[in-house]
Structure formats: structure tokens, C-alpha cells
Amino acid sequence: MAESPITILQRQRALLQVEYAYEKEEFQRLTEATGIEQKVRRGVAWYPLTLGRSYRNSLDQLVVEAFRPAPDSSHDGGNGWSDEDFQAGGFSSLAGGVGSSSLFEPGKPVCFFTQDASGDLHGTGGLLHYYKFVAQVSYVEEDRMVIALPSPDALEQIQAAYRLGVQLYLDEQTYRLMFEALDDVIHAKTGRLAELREMFHSTQPIGKFTFAPVRFPWLNPSQQAAVNEVLWAKDVAVVHGPPGTGKTTTLVEAIYETLRRENQVLVCAQSNMAVDWISEKLVDRGVSVLRIGNPTRVTDKMLSFTYERRFESHPLYTELWAVRKTIRDIYASRNGSSDSRHQKIARLKDRATDLEYTINQSLFDDAKVIACTLAGSANRILTGMKFGTLFIDEAAQALEGACWIAIRKAHRVILAGDHRQLPPTIKSPEAMHGGLDKTLMQYIVEQKPIAVSLLTVQYRMCDAIMQFPNREFYGGQLQSAPEVKYRGILDWDTAIEWVEAPLSPLAGGEQASYGQALPAGEPRGGESSAGLSRINVYEAQLTLATLQRYFEKIGKERLLEERIEVGIISPYKGQVQLLRRLLRQDRYWKPFRSLITVNTIDGFQGQERDVIVISLVRSNQLGDIGFLRDLRRMNVAITRARMKLIILGDKATICKMPFYQRLAEYIDETF
């Protein structure tokens with residue numbers, strides 16, 4: 001007997017509680033047991049911190065500017081490269097050390113701390129003291145962050161601090177919103193929310209309109225079909241977009257056409273970056289977008305359609321700012337009787353409320369698309385708003401609880417993504433094994449195949465790279481567009497190659513030819529632990545040796561003139577950091593630094609490069625490949641490549657899993 005929708009959602013809620021408890025415990029451990037330097041390297045802390053000006057923003061929040069140290073020459077590794085050079089080349093999109101990028105994003109909670117005088121400015125030694133209040137990131141760029149504070153007292157405390165730092169805090173607010181949303185859905189007795197719950201988690205049929213299809217000559221047939229399925233859907237539709245198939249293009253067209261029938265829609269995604277991307281494309285299409293929540297991609301174009309920027313530029317904002325300032329001045333003043341002051345403040349507050357309501361009404365009346373993260377859809381300025389259609393992009397990466405936060409505001413739901421690529425990030429092994437990573441999109445794909453439109457023409461990979469993931473993940477239904485099918489970089493080149501990185505390399509092999517001395521005490525072959533991650537020093541050096549030989553075949557002049565882009569990917573953060581360090585230490589790579597990006601598989605989601613090099617790392621006698629078993633991640637890694645894919649790994653270890661054995665056989669048989 002099939003489980004009831006309520007039972008499924010109750011299990012999801014219980015697993016979410018397990019994940020929440022695990023993350024709280026991990027945060028406590030990180031806070032208590034991890035040194036400042038390691039936190040900075042992981043991108044979860046800035047230290048030491050310099051404070052700038054404080055002011056009231058357009059939302060009347062008290063904010064303060066915070067700056068971290070700029071890179072200096074002491075980190076150039078003796079080769080004339082500063083961390084700034086390294087970053088500029090894309091090597092350190094998540095690199096460790098001073099000047100590295102960080103995991104801070106707008107909307108994320110943070111806490112401040114100080115270190116006592118017994119420690120040094122590198123964070124070594126000295127006790128840490130955490131302030132009891134929680135603040136929130138309002139805006140962040142390279143080395144500057146604007147942080148919203150809960151009170152003037154909080155500002156006074158940190159302004160008086162010695163050796164101040166800031167650290168990411170556990171995002172309890174998002175968990176609270178997911179719990180509330182799931183409770184609302186579970187307990188819904190009647191109404192649209194109860195109807196959608198039953199449709200999404202049972203075999204109950206979905207409804208469709210029956211008007212004639214609309215033609216879109218600029219789209220391919222599968223994209224046209226997907227847009228029409230969105231328009232016909234009464235309840236739910238899924239746009240399944242495998243890598244390179246134009247999912248964003250299709251989704252933008254579907255939103256544009258929906259707006260010919262509806263006055264306004266809500267567009268959400270799990271991450272700020274995904275919201276920014278779809279928002280930019282909608283603006284390019286001429287759609288009026290109101291972006292709720294600060295963008296991650298900080299450009300003038302992005303800022304121009306944010307709620308804050310539109311609010312500040314409204315003709316009535318000057319009066320509102322003056323009223324708010326007068327209220328603060330009266331609170332700070334002791335002049336006049338208590339009764340008269342309270343009466344005046346009450347009148348001014350009423351006026352401020354009227355002005356704020358008028359400005360908000362104007363902004364929302366002008367906007368055709370309201371864009372925000374799934375959690376951002378619970379923003380107070382959206383309270384009470386309902387939408388005919390909700391579009392959720394990257395739905396395969398969103399927890400079900402997060403989706404329901406936004407679904408409560410909608411009559412029908414359109415999901416877009418690819419459940420064959422990266423799943424949601426789950427930290428608790430118990431929650432993972434229990435199925436918390438199974439998304440709402442997966443449930444609907446399984447229960448309602450009639451709602452799914454698969455995009456079948458891909459425009460990214462040459463055909464030889466596409467065919468293996470096509471066979472393994474998409475039932476052979478994809479085809480390459482003619483303009484990319486046979487493209488390559490070199491004549492007589494092989495599109496995919498597997499470079500063997502054995503557990504015990506022969507003396508005088510690639511390691512010696514690359515000319516890099518191994519650090520004392522590090523292994524000459526095979527993997528080793530690096531904190532919570534894994535590294536393979538021999539394979540890292542072999543990776544760069546292989547890429548160097550390929551560069552020499554292409555030629556420096558052509559590489560630079562045509563700007564041939566390269567991505568070096570590893571599933572393990574430890575290997576990524578090692579590869580970045582080796583790149584920094586060798587001057588050979590300096591002319592190419594703007595062409596090369598090194599990152600994890602998760603860091604490359606949504607991106608593509610002309611050449612992709614994958615270092616698999618795992619090499620051991622037991623055949624243990626860890627989370628390389630998550631084949632969705634390997635699908636992402638393989639499908640980032642446009643024209644050349646190079647895989648490095650120990651076949652004896654990796655190919656014990658049938659998927660990788662089939663991959664190795666495909667390469668051997670095809671090339």
C-alpha cells in the first residue's frame with residue numbers, strides 16, 4: 001500500500017530535524033575546536049576585521065561596514081605571485097589563506113568574536129570570546145562586507161572591541177521557515193495547499209488546459225514543447241533540462257509567455273546566485289523584475305532592479321528618510337514632556353508607515369516578476385501576497401521543505417532543473433540515508449511523468465563527450481546540436497582520455513618529468529587524508545603535467561589569442577587546495593592564470609569550459625571511492641567540458657564500481 005502524502009511529509013520533517021540537530025552540533029564543534037586560521041581558510045570567518053562607517057539603510061536597518069586584510073607580498077610563496085594575482089587568475093575561487101574568497105552571502109547570519117591579547121593577528125593562540133547577538137550579511141564583495149546589526153548596543157560593543165572577527169552563524173531562520181512550511185502543508189485540511197500536497201505525493205491526476213499550442217520559431221522543438229506544457233499546466237509542470245540544453249532560455253520564455261496571461265509571477269531558486277542568473281536573463285528579455293534580497297552578483301545592472309535600490313530611488317523616499325531621522329532624534333532628545341514626545345512620535349510613525357506602504361504599493365504594481373530565494377519568499381514585505389504561478393529554478397537542488405515555503409503563496413507550480421545532477425547538500429549521514437535528499441521534483445517526476453518535459457538538444461559538448469552521460473543518465477534521448485557535434489581544439493585530437501594515476505607509480509615517471517619536489521613526508525603514490533578531505537599528491541602533479549603537455553600542443557599564442565578556457569575539477573576540497581598551491585609555485589602557469597579555474601564539482605555547477613581536467617584522487621588497496629559513488633556528481637563533472645575532457649585516476653581503485661568501468665571501456669572503445 002502506497003504511503004499517504006501526510007506520512008511522506010512527516011518523515012521529511014523528522015529527517016529535517018535530524019539534519020538541523022547535526023548541523024547545530026557541527027557548528028558548535030567548529031566554533032569551539034577550530035582555530036581562527038583554519039576558519040579563515042575554510043571561508044567561514046574574516047579576521048582581523050576593521051570596521052568602517054555605520055548608517056541606516058533604506059530598510060531602516062542599522063548597518064556597519066567591515067573590511068578584512070588585503071593580500072600582501074608575504075603570501076607569494078617566493079615566486080613573485082601575490083594572493084591577489086592568484087585570485088585574479090581564477091585559481092582561488094574558494095582558495096584558502098588571506099585574501100581568499102569566502103562563503104559569506106547576503107542574507108546569511110553571522111556572529112562577531114574577539115581574541116584576547118595572548119594571541120597573534122594570524123589567529124594563533126588566545127581565547128575567543130563571542131558576542132551574544134546575531135547579525136546578518138546585507139552586502140558582500142571581495143574584502144568588504146556590510147552587516148545589519150540588531151541594535152545600537154551591538155554597534156557600540158563591536159566598535160569598542162580589540163582584535164575583532166566575524167564568523168558565519170548557524171542559519172536557524174531557514175530551518176524555522178522550513179519547519180513552519182511543512183507543518184502548514186501537513187495540517188492543511190482544505191484549500192489549494194491541501195490539493196497540491198495530494199497531487200504531488202500521490203497518483204491523483206493533474207489538470208491541463210487544451211488550447212492550441214503556441215509557436216516559438218526561435219526555440220528548438222523540445223523547448224517549444226516544454227513552454228507549451230507550462231502554459232497548459234493547471235497544477236504543476238516540470239522542465240527537465242540536462243546539461244547544455246538551454247533550460248534557462250526555455251524557462252525565461254515560459255515566464256514571458258505566462259505574463260501575457262497573468263499580471264505577475266513569483267520566481268524562486270534555492271541560492272542567491274541562481275536567482276540572480278534567471279533575473280538577469282529576464283531583464284535582458286525586457287521583463288520588469290523586482291529582486292527581493294540583495295544579489296550575490298554585485299553589478300550595477302543587478303543592483304538596479306533590487307528592492308532596496310528601487311525603494312531608495314522612489315520620489316517619496318526622501319520624505320520617509322527625514323521622518324525616520326526625526327523619530328530617532330526625538331528618542332535621543334530629552335526636550336519636552338513625555339506625553340508630548342510620545343504623541344509626536346506616534347504621529348510620525350503613522351506617517352512613516354503610510355509612506356512605506358505607498359512606496360511598496362508602487363514598486364509591486366510596476367513589477368511583473370518578483371524574484372527571491374525560496375527562504376526569501378517569507379520576507380515580511382511579501383506577507384499576504386498570492387501568485388497565480390510560482391517558478392522554481394534549480395528545483396533538483398532544493399530541499400522539499402524549502403520549496404513549500406514559496407508554494408504556500410501559489411496556485412500552480414513550475415519546477416525546472418535536472419535531478420540527474422547535484423542533489424541538495426545534506427550533512428547528516430542519518431538524514432541522507434533516510435532520504436532527506438529526495439526532492440519534491442523527484443517525487444513529481446516519479447508520480448507524474450505526464451508533467452515532465454525533457455529538453456533533448458544540447459549546445460555545449462561535442463558529441464563524443466555527450467554520448468556517455470547521455471547513455472548513462474538520459475536514456476539516450478539527447479542529441480548534439482549540429483554546430484557543436486564535431487567541434488574540437490586540435491586536429492586528430494581525442495575528445496576524452498583517461499590518464500592512469502596508479503597507486504605505486506614507477507620511479508622516473510611523470511612525477512620526475514614534471515620537476516616538482518614533493519614536500520617532505522608526503523606520499524609518493526596513492527591518496528592520503530588532509531583534515532576532513534583527501535589529497536593525492538602524485539595525481540595532482542600528474543594533472544598539471546598532463547595539462548602542460550596539452551597546452552604545449554595547442555601553443556601559447558593560440559591559447560591566449562582565442563582565450564581557451566580550462567577548468568580543473570576534483571571532488572575533494574583538499575585536492576583543489578593542493579592543485580591551487582602547485583599552480584602558484586610554478587611560473588609556467590602565470591601567463592595563463594586568467595584562463596584557468598580550479599574548484600570542486602559543486603563549485604562548477606552551472607558552468608562550462610573548453611577543456612575540463614578531472615582529478616579523481618581515490619587510490620587505495622581497498623577499492624574505497626567514498627562519495628565518488630554519487631554518480632550525479634560525476635555527471636556534473638563530465639558535462640562541464642565543451643571540447644576536451646581529461647580524467648586522471650587509479651583505474652584499479654576507481655573501476656571497481658561498474659559505472660567507472662563502463663566509462664573506461666567507452667573511452668577505450670571510442671578513441
Side-chain angles (χ1 to χ4, degrees), residues 52-65 105-109 135-141 144-152 155 173 263-269 272 275-276 278-280 282-283 286-329 345 347-387 406 409:
R53 68 191 181 103
S54 60
Y55 56 93
R56 292 271 174 179
N57 64 13
S58 60
L59 301 179
D60 203 29
Q61 296 170 316
L62 178 61
V63 299
V64 64
E65 290 180 317
E105 284 186 6
K108 286 198 172 183
Q136 188 179 61
V137 178
S138 176
Y139 171 95
V140 64
E141 53 189 0
R144 172 179 170 265
M145 183 158 41
V146 178
I147 301 171
L149 301 172
S151 68
L155 178 62
Q173 169 72 354
N263 185 52
Q264 193 176 69
V265 299
L266 179 62
V267 176
C268 294
N272 274 295
V275 177
D276 294 342
I278 189 73
S279 295
E280 278 197 53
L282 286 165
V283 170
V287 177
S288 174
V289 175
L290 185 62
R291 172 71 160 93
I292 308 299
N294 289 326
T296 301
R297 297 152 63 91
V298 182
T299 64
D300 288 340
K301 177 180 176 182
M302 286 296 300
L303 286 171
S304 67
F305 54 84
T306 60
Y307 172 81
E308 287 79 2
R309 181 61 63 89
R310 295 269 177 89
F311 195 96
E312 288 175 348
S313 61
H314 193 276
L316 292 177
Y317 177 71
T318 304
E319 183 184 350
L320 176 61
W321 185 90
V323 172
R324 287 171 173 172
K325 183 178 184 304
T326 303
I327 293 171
R328 291 194 295 271
D329 290 344
I345 288 171
R347 288 196 301 271
L348 288 168
K349 282 185 174 179
D350 287 344
R351 179 57 181 159
T353 300
D354 289 344
L355 288 168
E356 189 172 339
Y357 176 82
T358 302
I359 295 173
N360 277 334
Q361 195 70 32
S362 172
L363 297 183
F364 283 101
D365 285 349
D366 290 344
K368 302 296 287 182
V369 167
I370 307 301
C372 58
T373 62
L374 291 164
S377 66
N379 192 301
R380 65 173 181 83
I381 62 177
L382 296 178
T383 300
M385 293 189 67
K386 296 290 184 180
F387 299 88
K409 294 182 174 294

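This structure is a prediction, so every number in the text was calculated from the model and none was measured.
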Indicate yes or no: at least one non-hydrogen side-chain atom of Val146 is less than 4.5 angstrom from one of Tyr55.
-> yes
What class does the angle between the rings of Phe311 and Tyr317 fall in, given that below 30° is parallel, 30 to 60° is tilted and above 60° is perpendicular?
-> perpendicular
Under 3.5 Å, is there a donor-acceptor pair between the side chain of Ser288 and the main chain of Asp366?
-> yes
Would a distance-only check, ignoring hydrogens and angles, find a side-chain to backbone donor-acceptor pair under 3.5 Å from Ser362 to Thr358?
-> no
Value for CG (Leu316) from CD (Glu356), rounded to nearest 0.5 Å, stands at 12.0 Å
Hey, are the side chains of Asp60 and Arg328 touching, using non-hydrogen atoms and a 4.5 Å cut-off?
-> yes
Check whether any side-chain heavy atom of Leu62 sits under 4.5 Å from a side-chain heavy atom of Ser151, and report yes or no.
-> no
Exercise: identify the closest heavy-atom pair between Leu149 and Ala135 = CD2-CB, 4.0 Å
Check whether any side-chain heavy atom of Leu382 sits under 4.5 Å from a side-chain heavy atom of Cys372, and report yes or no.
-> yes
Note, Pro109 side chain near Gln173 side chain (heavy atom, < 4.5 Å) | no
With distance as the sole test, does Lys368 use its side chain to make a donor-acceptor pair with the main-chain N or O of Asn263 at under 3.5 Å?
-> yes
About how many Å separate CZ of Phe305 and CG of Leu282, when rounded to the nearest 0.5 Å?
-> 8.5 Å
Inter-residue atom distance Arg56.CZ - Gln61.CD, 0.5 Å rounding = 9.0 Å
Find out whether Ile147 and Glu65 are in side-chain contact, i.e. whether some heavy atom of one side chain is under 4.5 Å from a heavy atom of the other.
-> no
When rounded to the nearest 0.5 Å, the distance separating CG of Asp350 from CG of Asp354 is 6.5 Å
Contact summary for Cys268 and Ala406, nearest pair of heavy atoms = SG-CB, 4.1 Å
Work out which heavy atom in Ser58 is nearest to a heavy atom in Arg324; give both atom names and the distance.
-> O-NH1, 2.8 Å
Minimum heavy-atom distance between Gly52 and Val64, given as atom pair plus value | O-CG2, 4.1 Å
For Ile370 and Ala367 the tightest heavy-atom approach is CD1-CB, 3.9 Å
Nearest heavy-atom pair of Arg309 and Leu303: which atoms, and what distance?
-> CB-O, 3.0 Å
Under 3.5 Å, side chain of Arg310 to main-chain N/O of Ser304, donor-acceptor pair present?
-> yes
Do the side chains of Val265 and Phe387 get nearer than 4.5 Å, heavy atoms only?
-> no
Gap separating the CZ atom of Arg380 from the CD1 atom of Ile292, nearest 0.5 angstrom | 10.5 Å
4.5 Å side-chain heavy-atom contact, Arg291 and Asn272 | yes
Could you grab the distance from atom CH2 of Trp321 to atom CG of Leu355, nearest 0.5 Å is fine?
-> 14.5 Å
